[in-house]
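Okay, so here's the structure we're looking at.
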Amino acid sequence: MQRGRVHTTLLAAWLATVVGCGKDPESTAPESSRGPSQPDGHVRMLALLRDLDARRQDDNIFVGDRAVREARAEIAAKGAQARWQTHQELGYALVRLGSERDGIEVLDRALAAVVERSLTGGADAELALHFHLGVAWLRLGETENCCHQRTVDSCILPLRGGALHGKTEGSTKAAAHFRFVLDRTAPNDYWHLANLWLLNLAAMTLGTWPESVPEQYRLPESAFRSREDFPKFDNVGAQLGLDVQGLAGGMVVEDFDGDERLDVMMSDWNTSGQLRLFVRRADGAFVDRSMESGLGGLCGGLNLVTADYDSDGDVDVLVLRGAWLLEHGRYPNSLVRNNGDGTFTDVTFESGLGAEHWPTQTAAFADYDLDGDLDLYIGNESSTKIRCASQLFRNDGNVRFTEVGKAAGVENFAYAKGVSFGDIDGDRYPDLYVSNLDGSNRLYHNRGDGTFVDIAAARGVTGPDASFPCWFWDFDNDGALDLWVSAYGTGIGHIAAHHAGIDLPHEINRLYRGDGHGGFEDVAAARGLTYPAMPMGSNFGDIDGDGWLDCYLGTGDPHIYSLMPNLLFLNRGGMSFADVSMASGTGHLQKGHGVALADFDHDGDLDLFARIGGAYLGDAFVSTVFENPGFGNRFVTIRLVGRDTNRSALGSRLRIVVADANGERTIHRVVGTGGSFGANPLRQTIGLGKATRVVRIEVEWQRSGRVQQFAAAELDCAYEIVEGGELTRSRLVEAPIQRR
């Protein structure tokens, strides 16, 4: 193990060569839906997805066994002359597939051979094998406990109660291997710090932290304790029947059937991972309607994006596929039309989106040309392995799209991991931000004539150098859009360094404060956002109902040793953010992907949904729902329906003027689904703090700029506003949540 080798270097090497917890159940993708018969385009998509799934063993390093086969072939051919790295890769590949004990056996033999010098490697090889053995044993402990004997506390920091491991072999043996590395590496070495972090976690799973960790390797208690007084959120996913096991995927909470009750859709990036729909019935129960709805056989997809693209009043879904697979990622995306009768149809080919297939996981809908219908930007992953442009699809108004990315000047040709639209200068035309993993990000300014120009460098928003999810929001309630861009070049060693007070340089997430005229200032450090997070799935919403937007970061990377807490940041009046992950009980250690914040129980506060699970088969976990305990604040829920503006009202602005004991204040919102990895409902549940009355609601419709004002709203009510119409009480009917 090379000393001083930072995680970002390893991440870059992994990216260039891409060419846990439990094994993901590889259910066979059904050949057809048990629902209604489907048109030719839908059937064509099912056949294409079946063919791609059949080829995954050779093309997909994450869910196939190619790495195992190749390593075994090299060892068989070279015998004692095989490199120690090949033995390490074989053992670690078996662990990634969920065969922990087989992997441990291979790694043990390799370590013995290196020590006996029958395999050449030396000290670095010995350290590396000890590290990987520690990870393998730790993951075995998680499989035997967190997965096979899962409780509501499993894998949630700080580990206590039901999170403690009853079967202790895995963590006990892992700790010994981590200690071996720690005793032989320098305190400021990245891998020393990575082992330090994992040693502390292993001790915590055994219930022996901190006393069992030598003082020089012990993290401070503050690493696992919140400074904030904050209530705990209950993990109710299993009670609701939403604890779906799987790998990385998307998460959407939306009313798909028009009954005002929020439903849930999830994807799984495994090529045989079925797109799942859970409908909430009138009695409050969530019921799996995946097959009956016509989704059967629509498999794979790392992310989901929602909007009413055809303006028929039903929310449709875009499934994004092929991410991280480089030249092997030429999977088709799926535009899944909501038929309004409880069924869905794949219309990718009919809509004009199926001509080219490129690896992607990020996209966004917006009416970029202000013609009243929704257009679509897809951020593709261009790399040295496959050169591809990102795509801008103009909606032609006849439920078909035309690709105009080159003419519009937004091709990007970079490894796009997040895209978001937002009007940064108040001209109503949505501008476009593209977050790239492999270099400078783009801020495409919409010139209003169908073209864009990249002004990221001029406005100082090109960083971080390696970034992932992004979004526009108004975090300080001044009416101007701000920009969040996630840093992805950190790792568990940086987390340990952060808590231990060791200077290990890393990039932090960027919070660019907008001035409303297209200018930005990075205020992340000033607002306390210095934690070395690695966000993947992320989203935002007002979690405590005080009128200020908070955010939840689903963290991690594909490496199975990257166990780090997902993070909840509380917005303190626009002046700072507080990490309340530990106090709230939302600091889940497993990989966080699609995130949605939604009021699923209609009590006026936002609950937190997260698609949990990693990239490799052995890194599967279950989705989680954290129920908001409530903060005693007032709220209003508003659903906008565009007529001249796009039907979803994306990009339209809400201003809620309320009175409280301190006078009047204005709360600003822009209609959207939140961040770039996960989708909130289009209806906006807006916290009003301790408001005593709603003074007025203002709606600025995106296309025309027309402002409507309403003065008759009540607190704690749900409303619908149709463009040009009146303020109407929603027919939202509260139903008790049925739990298992």
Side-chain angles (χ1 to χ4, degrees), residues 250 302-305 320 323 360-366 368 376-381 390 392 410 412 414-424 430-446 452 454-457 459-475 480-490 507-514 518 520-524 527 529 533-541 549-555 557 567 569 577 592-597 650-651 670 672-680:
L302 186 53
N303 194 11
L304 303 173
V305 181
L320 298 161
T360 181
Q361 69 160 68
T362 185
F365 285 97
Y368 83 90
L376 173 65
Y377 186 82
I378 299 179
N380 293 317
E381 296 178 354
S390 293
L392 178 62
V410 293
N412 192 35
Y415 206 96
K417 298 305 290 181
V419 300
S420 184
F421 281 100
D423 176 12
I424 64 173
D431 308 294
L432 172 64
Y433 193 83
V434 183
S435 171
N436 294 317
L437 188 65
D438 59 347
S440 296
N441 301 321
R442 318 279 193 188
L443 176 58
Y444 290 113
H445 178 247
N446 191 335
F452 295 75
D454 182 10
I455 61 171
R459 303 302 166 88
V461 294
T462 57
D465 290 336
S467 57
F468 207 145
C470 62
W471 62 74
F472 286 104
W473 63 343
D474 185 359
F475 82 90
L481 282 185
D482 313 301
L483 174 63
W484 173 286
V485 192
S486 300
Y488 200 61
T490 57
E507 285 202 285
I508 63 174
N509 297 306
R510 304 297 174 87
L511 179 61
Y512 296 110
R513 184 173 184 268
F520 292 92
E521 175 191 7
D522 184 8
V523 297
R527 296 301 192 272
L529 294 168
M534 287 191 73
M536 296 185 297
S538 311
N539 218 322
F540 63 88
L549 291 170
D550 316 298
C551 63
Y552 187 75
L553 309 181
T555 63
D557 68 25
L567 300 167
F569 284 109
F577 285 84
H593 286 87
V595 172
L597 289 84
L650 291 179
V670 178
T673 58
S676 62
F677 202 160
N680 300 338

Task: Spacing of OH belonging to Y415 relative to CD belonging to E381, to within rounding of 0.5 Å - done: 4.0 Å
Task: For F472 against I424, the heavy-atom pair lying closest together - done: CE2-CG2, 3.6 Å
- [ ] Would you name the heavy atoms of T362 and N303 that are closest together and state the gap between them?
- [x] CA-ND2, 4.4 Å
- [ ] Could you tell me which residues satisfy side-chain contact (heavy atoms from CB on, under 4.5 Å) with A366, sequence neighbours excluded, listed by chain and number?
- [x] F421, P430
TODO: Just jot down the salt bridge (Lys or Arg N to Asp or Glu O under 4.0 Å) partners of R527, sequence neighbours excluded, or say none.
DONE: none
Task: Shortest non-hydrogen separation from A456 to L443 and the atoms involved - done: CB-N, 3.3 Å
Open item on the list: I'd like to know if the side chain of E521 and the backbone of G514 have a donor-acceptor N/O pair within less than 3.5 Å.
Closed with: no
TODO: Kindly write out the residues that satisfy ring-ring contact (aromatic ring centres under 6.0 Å, His included) with F677, not counting sequence neighbours, or none if the list is empty.
DONE: H593
Open item on the list: Once you measure the plane-to-plane angle for W473 and W471, does it fall in the parallel (<30°), tilted (30-60°) or perpendicular (>60°) bin?
Closed with: perpendicular
Open item on the list: Would you say that C470 contacts V419 through its side chain, given a criterion of any heavy-atom pair below 4.5 Å between the two side chains?
Closed with: no
- [ ] Give, for atom CG of D550 and atom CG of L597, the distance between the pair rounded to the nearest 0.5 Å.
- [x] 8.5 Å
TODO: Name all residues meeting the side-chain hydrogen bond (donor to acceptor under 3.5 Å, both in side chains) criterion together with W484; count only those two or more places apart in sequence or in a different chain, and write none if there are none.
DONE: S486
Open item on the list: When you compare the side chain of V305 with that of L320, does any pair of heavy atoms fall below 4.5 Å?
Closed with: yes
- [ ] Indicate the ring-plane relationship of Y488 and F468, choosing parallel, tilted or perpendicular according to the 30° and 60° boundaries.
- [x] perpendicular
Open item on the list: Just to verify, what does N441 make a side-chain contact (heavy atoms from CB on, under 4.5 Å) with, not counting sequence neighbours?
Closed with: Y433, S435, N436, P464, S467, V485
- [ ] Can you measure from OH (Y377) to CZ (F365) and round to the nearest 0.5 angstrom?
- [x] 14.5 Å
- [ ] For D438 and A414, work out which heavy atoms get closest and say how close.
- [x] OD1-CB, 3.6 Å
TODO: Output the distance between atom CG (L483) and atom CG (L511), rounded to the nearest 0.5 Å.
DONE: 8.5 Å
Task: Set of residues satisfying side-chain contact (heavy atoms from CB on, under 4.5 Å) with respect to D522, sequence neighbours excluded - done: R510, Y512, A524
Open item on the list: Between N412 (side chain only) and S390 (backbone N and O only), is there a donor and an acceptor less than 3.5 Å apart?
Closed with: no
Task: Any residue meeting side-chain hydrogen bond (donor to acceptor under 3.5 Å, both in side chains) with N380, in chain and number order, not counting sequence neighbours - done: Q391
Task: S538 to G554 - nearest heavy-atom pair and separation - done: OG-N, 4.0 Å
- [ ] List for me each residue that meets side-chain contact (heavy atoms from CB on, under 4.5 Å) alongside V670, sequence neighbours excluded, and say none if there are none.
- [x] L481, R653
Open item on the list: Could you measure the distance from the OH atom of Y444 to the CG atom of D431? Nearest 0.5 Å is fine.
Closed with: 13.0 Å
Open item on the list: Using the side-chain hydrogen bond (donor to acceptor under 3.5 Å, both in side chains) criterion, which residues pair with N539? Sequence neighbours excluded.
Closed with: N680
Open item on the list: Just to verify, what does T555 make a side-chain hydrogen bond (donor to acceptor under 3.5 Å, both in side chains) with, not counting sequence neighbours?
Closed with: N566
Task: Counterpart residues, salt bridge (Lys or Arg N to Asp or Glu O under 4.0 Å), relative to D454 (two or more places apart) - done: R442
Task: Which residues share a ring-ring contact (aromatic ring centres under 6.0 Å, His included) with F452, sequence neighbours left out - done: Y368
- [ ] Evaluate the side chain to side chain contact (heavy atoms under 4.5 Å, CB included) criterion for residues M536 and K417: first the C-alpha distance (whole Å), next the side-chain angles of each, then the deciding distance (0.1 Å), finally the verdict.
- [x] CA-CA 9 Å; M536 296 185 297; K417 298 305 290 181; over 6 Å; no
Open item on the list: Please give me the minimum heavy-atom distance between T490 and M534, naming the atom from each residue.
Closed with: O-SD, 2.6 Å
